[in-house]
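Heads up: numbering here begins at 1 and tracks the sequence.
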Amino acid sequence: MSTQANQPSGKLVTLTRREQWSRLGQQTAVIGFLLYSVFAPHSIAAAEISLAIVGAGWLVRTISSKKAGIRRTALDLPIALFFFWTVASSLLSQEPRISIAKIQSTCVVFLFYLTQAIVTRRTVVLLVAVMLLSGTAGTVYSIFDLARGRGVLIEFVAPDSPLQSLQIQPGDAIWRIGGRRVYSVSDIDEAIRNTPQQTKLTVSVISQGEHLERPGLLVTDTIKKRASPSGVVGNKPTHRFRASGWTRHYETYSEILQILAQLALGLALANFRNHGLNLRSKLAATAFAFLALGIALTAMRTVLVALAIGICVVSWRALERRARLLSLAGICLLLIFGTYVVYQTRAQHALSFQDPSSSLRLQVAKVGLSRMMLHPLFGHGMDSMHLHWAEWGFPGTDMLHLHSTPLQLAFDRGLPALVFWLWIMWVFWRTASRGEKSLRDSSDTNRYGILLGATGALAGFFASSLVNYNFGDGEVALVFWWLMGIVVVLSDVNREWTAGASQASKPTTLS
């Protein structure tokens, strides 16, 4: 069975059933990527559903066209070695059952191959623009959220309050009970009353700007019968918290915004360089300003510094001497504002890195380094430290990783895995920087701008990874592999369309 369609030339073409299914699969995958661009900065669940649509579309296209559309790249070898070493490390782990189950999280690398198989140069700009718009919308919501306030600022906690066991004190704010937001003490009391007896509720607390999860509120019949089950007093929200858009993970949110901000900056400077202050350069610059503001509002010190490093890379590659000085002045203003937000939001001495968070990170890193050479080849196994945190000498109870990608990879998977990861970073940088350099004088402004932004995004991501385990954050890792796939597509000078897509849509001309 076949269908006929008109081509721009006026000739009739026929598509076989196999070609129809191939084209449908391609279109479905592109729609999935559009949905992913919308949800990636905000919801891991929605993002994964979107990528499931991408995968289904790619599978239909591959079966129909008999071509996967995946190209060979210089990244294949280090990625394969990194993946197989991770599997070997998991099999030889101190806790094999935990580590083997964790292997599925490394499958996010498949997004790199899906992206280069489905995305084309014609769709890249649309996908990037949609994700930038989505990230900007998240910043607008963050501003609204900060103005409105969150939860209930606790003024008094009764001596017999069940929340005493959770170490909630006056000055803290309760903003979620059992995963649902609350706006008053009556909301807290109602949530406790509506919970079945002998159920443990998770209480989300904001303390000195930090989000903490306290899972141990046991609801009993005695508590439910009290006039005020919570035993707390408060009548206003708190405005002292770290912005996170529609998510509640400000670390994840800031890491994604850092990548998007660099892409926006790259597009803004590329359009300004080639066309002056046109509409596209103004829109991209506006998106960058909002995304940078969003990062500042998260009060993430390390990501702010990473953003500044990425801006320096992009500016140095795109601008002349005087413009670089202006860019440097802009970075200083951004850091000053970010410093003010950190001072207003986070714990005392956070700016001098003498707060509890900084000291705990240092202690954890020292213990991790001291144990690293006990298993230098294959590491301790992914997440095995979760069962041996105190036994292996790690301090505290809340931090269950080393807060550094290089340290965590070496600790979990061994020093060779760290070498393979560094290899991936280097090839990614070389691909993006060479592609950007080759397009500086090209008329393809948007393609050049995205590659330019990708160099800054990678520089910022790597800088942040030194003191954050961003590579182990599923949402951030997905955006990272998506960006890597886009860079490969844009850097490929030999093909306008991916092999699978071009074969899938190739018609048969009727004379």
Side-chain angles (χ1 to χ4, degrees), residues 128 132 135-136 139 243 254-278 280-346 350-353 425 428-430 432-437 439-441 445-446 448-468 470 483:
V128 171
L132 293 181
T136 301
T139 296
S254 64
E255 292 281 0
I256 293 176
L257 288 193
Q258 191 279 138
I259 294 174
L260 299 183
Q262 306 293 355
L263 293 177
L265 180 62
L267 284 168
L269 294 184
N271 277 277
F272 176 75
R273 176 187 173 118
N274 290 353
H275 308 291
L277 284 175
N278 64 353
R280 289 184 179 180
S281 65
K282 292 177 182 177
L283 289 175
T286 301
F288 167 75
F290 271 97
L291 293 166
L293 174 62
I295 294 171
L297 294 178
T298 65
M300 282 288 295
R301 298 166 296 188
T302 52
V303 180
L304 267 171
V305 174
L307 174 65
I309 291 172
I311 294 173
C312 287
V313 170
V314 173
S315 300
W316 185 266
R317 298 179 72 90
L319 299 176
E320 300 299 331
R321 186 173 301 175
R322 290 184 180 179
R324 289 173 184 169
L325 293 177
L326 289 175
S327 174
L328 205 59
I331 292 172
C332 291
L333 290 175
L334 174 64
L335 291 177
I336 289 171
F337 177 74
T339 299
Y340 174 76
V341 174
V342 171
Y343 174 76
Q344 289 291 323
T345 304
R346 300 190 61 172
L351 289 175
S352 59
F353 294 94
M425 296 296 106
F428 186 6
W429 169 261
R430 187 181 62 183
S433 60
R434 286 181 177 178
E436 178 271 327
K437 188 175 182 180
L439 290 170
R440 284 180 188 174
D441 299 321
T445 302
N446 290 325
Y448 161 58
I450 292 172
L451 287 172
L452 174 63
T455 62
L458 179 57
F461 178 87
F462 184 80
S464 179
S465 74
L466 299 178
V467 285
N468 287 312
N470 52 9
L483 177 63

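Residues Leu304 and Ala296 approach most closely at CD2-CA, 4.1 Å, considering heavy atoms. The shortest heavy-atom contact between Leu291 and Gly135 is CD2-C, 3.5 Å. Closest heavy-atom contact between Met300 and Ser254: CG-OG, 3.4 Å. Nearest heavy-atom pair across Ser464 and Val303 is OG-CG2, 4.0 Å. Residues Trp316 and Arg324 approach most closely at O-NH2, 2.9 Å, considering heavy atoms. Nearest approach of Ala459 to Gly310, heavy atoms of both residues: CB-CA, 4.5 Å.
His275 and Thr445 are linked by a side-chain donor-acceptor pair at a separation below 3.5 angstrom, with hydrogens and angles left out of the test. With hydrogens and angles left out, the side-chain atoms of Ser465 and Asn470 include no donor and acceptor closer than 3.5 Å.
Atom CG of Asn278 sits about 9.0 Å away from atom CG of Leu283, to the nearest 0.5 Å. Distance CG/Asn446 to CG/Leu439: 11.5 Å, rounded to 0.5 Å. To the nearest 0.5 Å, the span separating CZ on Phe272 from CG on Leu277 amounts to 5.5 Å. Between the CG atom of Leu466 and the OG1 atom of Thr302 there is a distance of 10.0 Å, given to the nearest 0.5 Å. Taking CG from Leu293 and OG1 from Thr298, the interatomic distance works out to 10.0 Å, rounded to the nearest 0.5 Å. In this structure, the separation between CZ on Phe290 and OG1 on Thr136 is 7.5 Å, given to the nearest 0.5 Å.
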How far apart are the C-alpha atoms of Leu458 and Val313, what are their side-chain angles, what is the distance that settles it, and do they pass the side-chain contact (heavy atoms from CB on, under 4.5 Å) test? CA-CA 10 Å; Leu458 179 57; Val313 170; over 6 Å; no

Is there a side-chain contact (heavy atoms from CB on, under 4.5 Å) between Phe288 and Ile311? Walk through the geometry before answering. CA-CA 11 Å; Phe288 167 75; Ile311 294 173; 3.6 Å; yes

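Partners of Phe462 according to the ring pair (Phe, Tyr, Trp, His ring centres under 6.0 Å) rule, which considers only residues two or more places apart in sequence or in another chain, are Trp421. When the side-chain hydrogen bond (donor to acceptor under 3.5 Å, both in side chains) test is applied to Arg317, the partners found at least two apart in sequence or on another chain are Glu436. Among residues two or more places apart in sequence or in another chain, the side-chain hydrogen bond (donor to acceptor under 3.5 Å, both in side chains) test is passed with Arg346 by Glu210.
Among residue pairs with one or both ends in residues 289-306, those qualifying as salt bridge (Lys or Arg N to Asp or Glu O under 4.0 Å) are Arg301-Asp355; sequence neighbours excluded.
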Could you go through residues 258-269 and list every donor-acceptor pair under 3.5 Å that involves a side-chain atom there, pairing it with any protein atom two or more places apart or in another chain?
unit_1	atom_1	unit_2	atom_2	d
Gln258	OE1	Gln262	NE2	3.0
Gln262	NE2	Leu307	O	3.2

Cut-off 3.5 Å, no hydrogens considered: what does the side-chain donor-acceptor table look like for residues 329-345, sequence neighbours left out?
unit_1	atom_1	unit_2	atom_2	d
Thr339	OG1	Leu335	O	2.7
Thr345	OG1	Val341	O	2.8

